[in-house]
Amino acid sequence: MNSLDFSIVAQAWPYLWSGLLLSLSLTVAAFLIGMLLGTLFALVQHFELRILSQVVRSYVALMRSIPLILVLFWFFFLVPIVLGHLSGNGRPIPTGATYTALITFGLFEAAYYSEIIRVGLRAVNKGQFEACQALALSTFDTYHHVVLPQVFRVASPIILSQTIILFQDTSLVYVLSLTDLLGAASKLAQLNGRLVEMYLAAAAVYLILSSVASQFVASLRKRYAVAGTYR
Amino acid sequence: MQQERAVNPYDRFPMVIVEHLIKRFGSFNALSDVNLTVARGEKIVLCGPSGSGKSTLIRCINHIEKHDYGRIVVDGVELTDRIRDINSVRCEVGMVFQSFNLFPHLSVVENCMLAPLKVRGLPQSEALDRAMALLRKVRIHDQAKKYPAQLSGGQQQRVAIARALCMQPKIMLFDEPTSALDPEMVKEVLETMVELANDGMTMVCVTHEMGFAREVADRVVFMDCGSIVEEGDPSTFFRAPNTERARVFLNQIVH
Ligand SMILES: Nc1ncnc2c1ncn2[C@@H]1O[C@H](COP(=O)(O)OP(=O)(O)OP(=O)(O)O)[C@@H](O)[C@H]1O
Ligand SMILES: [Mg+2]
């Protein structure tokens, strides 16, 4: 084996960078969709809305029990067919790999975030709800201004950890022929034969970003431990 | 002030009327046939052994607990299942809890402003002015920007009182406001409550602080096993209670 030559990585950097941008934008978009839907799902279960909460529960259970890669395939083939049926002419309407990835990750993460938020909702002290009642706050204001902000605070370390996993999972988009950071590294590696350098470089980027985020998680944990009374 | 009062047709009526109140938890009767009238400006101290239904009774008055039978009328509005009635009653009834229940993610002044902004629809500046004025009244305005966890228990409870007062309630309910406090902080909270009483606020206080009861209560109501067993003016009640149950209870809290 040849000695390692990292100048190749410097040359490849623009391409790796564009891959990293895709990974990051997928993470951010999936985070936003996932948190929005996850919060809704958690609230539906929290309020025990009859049929709806059962639907949500089954959905969450399903998403959590199958591998993400399978969900990606499903959406890639299913969504165009469903859209075709909805549009009436029956022919599949291709949605494009980027949208598929975005929607899939968002929907998939929603299941995980909703579990985190559901548990967080249960942890909010009963006295908080009673104080809101005593002040005549509406249910909406109670959740909007009192309950959910506390849940997000308490759960923020876990939510962030889940988001780090999401960031790493975005590497699965290679099955949709999208080029994320890992995909970019792998394509270049096959072209220039510098497998070790390229995969080391990709690993370094994942390592740096994930550990920065983990540091942040740790600091959040500390901050809310100091602030105390979050229960 | 006088004229403004005369406009309200319910002014001649009591602030709170509780009639034949029954509250069950499962098959257990937490309140059985409770009758209580609270006049405007009246200060009532509610006492009795643990589990006698004191908390349940005052929590029914602002519908934190839903009563099963009987009638509750607050300032002329009967508590029914209608959200509108419940909300209009809750707007006029302030409550202070044993465990403060401040909102930990909001600063002291934000705690006080939330309900006036969202429920009363006050503009920001007015809600702020009102919050600061009431925080000054409970002598905690210099801590307005702090968070509840940064305050002592006594300070937190005074914030909770200010928060309730910001809704400008017509009656204040207190559920053992000093029993979660260290002894040295009890006094500052009781002083605040005495001042409130001197301002003419209608108050129902669940408390075992006999000094406070002697000083401000117009009436002491003694409960046991979900019923009102005895009531009277504080000096008589504490000196010579009529019932054996009250005697036993008073002996216990003195020793
Ligand atoms: N949510 C509830 N579910 C079931 N039982 C309850 C509930 N709340 C209160 N109870 C019961 O109702 C009875 C009256 O309770 P309540 O809290 O009103 O008593 P209390 O006089 O305030 O007592 P304490 O001095 O301990 O606060 C108690 O026996 C209690 O166990
Ligand atoms: Mg009680």
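From a predicted model like this one, the values you see are computed outputs, not experimental measurements. A note on names: the letters A, B, ... follow the listed sequences, proteins ahead of strands, and every chain is numbered from 1.
- Shown here is E184(B), whose CD atom has more than 12 heavy atoms of other residues, nucleotides or ligands within 6.0 Å.
- A distance of 9.5 Å separates CG in L137(A) from CG in N87(B), rounded to the nearest 0.5 Å.
- Environment of OH in Y199(A): crowded, with over 12 heavy atoms of neighbouring residues, nucleotides or ligands closer than 6.0 Å.
- Shown here is F25(B), whose CZ atom has more than 12 heavy atoms of other residues, nucleotides or ligands within 6.0 Å.
- A distance of 7.0 Å separates CG in L114(B) from SG in C132(A), rounded to the nearest 0.5 Å.
- Here the CE atom belonging to M95(B) is positioned 10.0 Å from the CD atom belonging to Q133(A), to the nearest 0.5 angstrom.
- Smallest separation of non-hydrogen atoms from V146(A) and H105(B): O-CE1, 3.5 Å.
- Dense packing is recorded around CH2 of W13(A), with more than 12 heavy atoms of other residues, nucleotides or ligands lying under 6.0 Å away.
- The contact between F103(B) and chain A is made by backbone and side chain atoms together, counting heavy-atom distances below 4.5 Å.
- Residues V119(B) and A136(A) come closest through the heavy atom pair CG2-O, 3.5 Å.
- Distance alone, capped at 3.5 Å, is enough to place a donor-acceptor pair between the N101(B) side chain and the G127(A) backbone.
- Proximity to chain A involves both the backbone and the side chain of R163(B), based on heavy atoms less than 4.5 angstrom apart.
- For CZ of F129(A), the number of neighbouring non-hydrogen atoms (other residues, nucleotides, ligands) closer than 6.0 Å is greater than 12.
- Atom CG of L86(A) sits in a crowded spot, with more than 12 heavy atoms from other residues, nucleotides or ligands closer than 6.0 Å.
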One pair to check against side chain to side chain contact (heavy atoms under 4.5 Å, CB included): H144(A) and K118(B). What are the steps and the verdict?
CA-CA 11 Å; H144(A) 179 46; K118(B) 299 297 162 191; over 6 Å; no
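- At a 4.5 Å heavy-atom cutoff, the contact between N62(B) and chain A is made by side-chain atoms alone.
- Highest contact tally toward chain A, considering only L102(B), I86(B), V89(B), is held by L102(B) [criterion: heavy-atom pairs under 4.5 Å].
- Y69(B) OH: 12 or fewer foreign heavy atoms inside a 6.0 Å radius.
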